[in-house]
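What follows is a set of notes on a single structure, which appears directly below.
Here, residue 1 is the first one in the sequence, and each next residue gets the next number. As the structure lists them, so they are numbered: ligands from 1, and atoms in each ligand from 1.
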Amino acid sequence: MKMEELKYDVFKDGPLVKSVSITKISPCMAEKGRIKLAMQLDSSLEEVMPIFAGKFPPGKVNYIKHKKILTLNTHNRVITFFPSGMINMMNTKDPEEGIEVITEFMEKINQSYLESESGEDREDLSEKLSKIGPLNIYNCLPQTNCEECGTATCMAFAMQLLSGDNTLDQCKPLFESENKDKIKCLKELLGEELMKTLGG
Ligand code: SF4
């Protein structure tokens, strides 16, 4: 198949990105039998990259601010987004599986664009999140070590939250009425946007 035929119209009415093309398929050096995809979005990510980068927990993301290059460790693979709209995706089964994965991120890119267009004075969320440590999160958790979330302690939960291996909604006691002050504490620490990023 010619490479120019590998264009996928994913979001016909997408406000920023509508389609993605696979420009190169090569063997993945990290995982035998898997492929590496080079892709190109139909739009630059230059403007939306800081907002897009703020949508992932710190343990999953490496964002080089001055180059606007975002690398995610997610879906059992490494995906790198460049400001030009180029994307590299490792450890992929086949082109269709790669497109399925990238669709999720294209949706987030379009959300980021709409947020950037809202005219609100937005903080640099990725930078804000990078300054928050597990102890800050722990101080806003119920601190009962009840294990309902599947981890042995609230501190372990806080660490997993920042590494992206857990989400806030997995702490059920947090959303009970007696812990309203804990939710308030988290909102003050994180703000609404980062609460969403961490699954709250
Ligand atoms: S469910 Fe919440 S309160 Fe219970 S151990 Fe996990 S983080 Fe702590």
If you count the non-hydrogen atoms of other residues, nucleotides and ligands that lie under 6.0 Å from CD in E47, is the total more than 12?
no
Tell me whether N145 at atom CG has more than 12 heavy atoms from other residues, nucleotides or ligands lying less than 6.0 Å away.
yes
Of the protein's non-hydrogen atoms, which lies at the shortest distance from atom 3 (S) of ligand 1, and what is that distance?
T144 OG1, 3.4 Å
What protein heavy atom is closest to atom 8 (Fe) of ligand 1, reported as residue, atom name and distance in Å?
C154 SG, 2.2 Å
Y138 and F157: CA distance, side-chain angles, deciding distance, side chain to side chain contact (heavy atoms under 4.5 Å, CB included) verdict:
CA-CA 8 Å; Y138 172 79; F157 179 84; over 6 Å; no
Atom indices of ligand 1, in the order listed, that fall short of 4.0 Å to a heavy atom of C149
1 (S), 5 (S), 6 (Fe), 7 (S)
Per-atom contacts of ligand 1 with N145, taking only distances under 4.0 Å to non-hydrogen atoms
5 (S)
With respect to atom 2 (Fe) of ligand 1, please indicate if C146 possesses an N, O or S atom at a distance under 2.8 Å.
no
For Q160 and N166, which I'm curious about, is there any donor-acceptor pair between the side chains at under 3.5 Å?
yes
Check the SG atoms of C154 against those of C171: under 2.5 Å or not?
no
Please work out, at 4.0 Å between heavy atoms, whether the side chain, the backbone, both, or neither of P142 comes within that distance of ligand 1.
side chain
Contact partition for K172 relative to ligand 1, non-hydrogen atoms under 4.0 Å
neither
Check step by step if side-chain hydrogen bond (donor to acceptor under 3.5 Å, both in side chains) holds for Q170 and T167.
CA-CA 6 Å; Q170 287 175 282; T167 50; 3.1 Å; yes
Kindly confirm whether atom 8 (Fe) of ligand 1 is within less than 2.8 Å of some N/O/S atom in C171?
no
